[in-house]
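Here the structure is laid out as structure tokens; the discussion comes afterwards.
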Amino acid sequence: MDLICSVKYNEYIYFFEADYFVFMLNLSSQENIPDNFRQGLINIDTEEKINSYLLYLEEFRLNLDDLKDDYESLSEKEKIESKFCFFPTILIDFNRRFFYCSHPESHYLGFEKHLPSNWEYIEQQNIMHLIPLQKAYWLAWNIKNI
């Protein structure tokens, strides 16, 4: 897994494996792909399409118990080196049409190229404070430093 993506829609927050998510974002810019596979953000402009997109993403949803077990199995050094694999570095807010990114390689990934023109791309040092506390799964983990 490369990074974790969080998606906010209405009062819900969902977490997904972003290696799949990067692939899905890129679908919207490739040629010769059947329309039923074009699930990229650039094509989402109605509530119906957002719901359809979230339904499509459901199979990529993270199992937070498994994620915690994976994290706890690491040495302290591995935890520090792989923190971007266990904590969200992307927040896609469908309510406000914002795409927040704190991934250190975001300039290589070019997410802003795949957003609809009426969305705002925002890079931040850390997006975890944007996740509602009741959904901040990492707060229940025994973490010394994030």
In Å, rounded to the nearest 0.5 Å, how long is the span from [atom1] of [X] to [atom2] of [Y]?
X: F99; Y: E112; atom1: CZ; atom2: CD; answer: 8.5 Å
X: E72; Y: L67; atom1: CD; atom2: CG; answer: 10.0 Å
X: N51; Y: Y9; atom1: CG; atom2: OH; answer: 4.5 Å
X: E76; Y: E81; atom1: CD; atom2: CD; answer: 11.5 Å
X: I13; Y: K135; atom1: CD1; atom2: NZ; answer: 8.0 Å

Using a 4.5 Å cut-off on heavy atoms from C-beta on, say whether the side chain of [Y] contacts that of [X].
X: L91; Y: K8; result: yes
X: I90; Y: S6; result: no
X: I131; Y: W138; result: yes
X: I4; Y: E17; result: no
X: L54; Y: I50; result: yes
X: I122; Y: C101; result: no
X: L130; Y: Q124; result: yes

- Check whether L133 and I127 end up in the same hydrophobic cluster, where Ile, Leu, Val, Met, Phe, Trp and Tyr are linked by side-chain heavy atoms less than 4.5 Å apart. yes
- Message: side-chain contact (heavy atoms from CB on, under 4.5 Å), that's the test. Do Y71 and K79 meet it? Break it down for me.
- Response: CA-CA 7 Å; Y71 182 79; K79 288 177 182 178; 3.7 Å; yes
- Item | Reference residue P88; test side chain to side chain contact (heavy atoms under 4.5 Å, CB included); the match among Y100, F16, F15 | F15
- Is there a donor-acceptor pair under 3.5 Å between the side chain of S82 and the backbone N or O of C85? no
- Just by distance, do the side chain of N95 and the backbone of N10 share a donor-acceptor pair under 3.5 Å? yes
- Message: If you compare all heavy atoms of S102 against all heavy atoms of Q125, which two are closest, and at what distance to 0.1 Å?
- Response: CB-O, 3.5 Å
- Nearest heavy-atom pair of D70 and L74: which atoms, and what distance? O-CG, 3.5 Å
- Task: Taking the six-membered ring for Trp and the full ring for Phe, Tyr or His, determine whether the centres of W119 and F111 are under 6.0 Å apart.
- Result: no
- Message: Tell me every residue that passes side-chain hydrogen bond (donor to acceptor under 3.5 Å, both in side chains) with E123, counting only those two or more places apart in sequence or in another chain.
- Response: S106, Y121
- Which of parallel (below 30°), tilted (30 to 60°) and perpendicular (above 60°) describes Y137 and W141? tilted
- Message: Does atom CD (E48) have a neighbourhood of more than 12 heavy atoms from anything else shown, all under 6.0 Å?
- Response: no
- Task: Kindly state each residue pair satisfying salt bridge (charged side-chain N to carboxylate O under 4.0 Å, His left out) with at least one member in residues 50-59, sequence neighbours excluded.
- Result: E58-R61
- Report the residues that fulfil salt bridge (charged side-chain N to carboxylate O under 4.0 Å, His left out) with R97, sequence neighbours left out, ordered by chain and then residue number. none
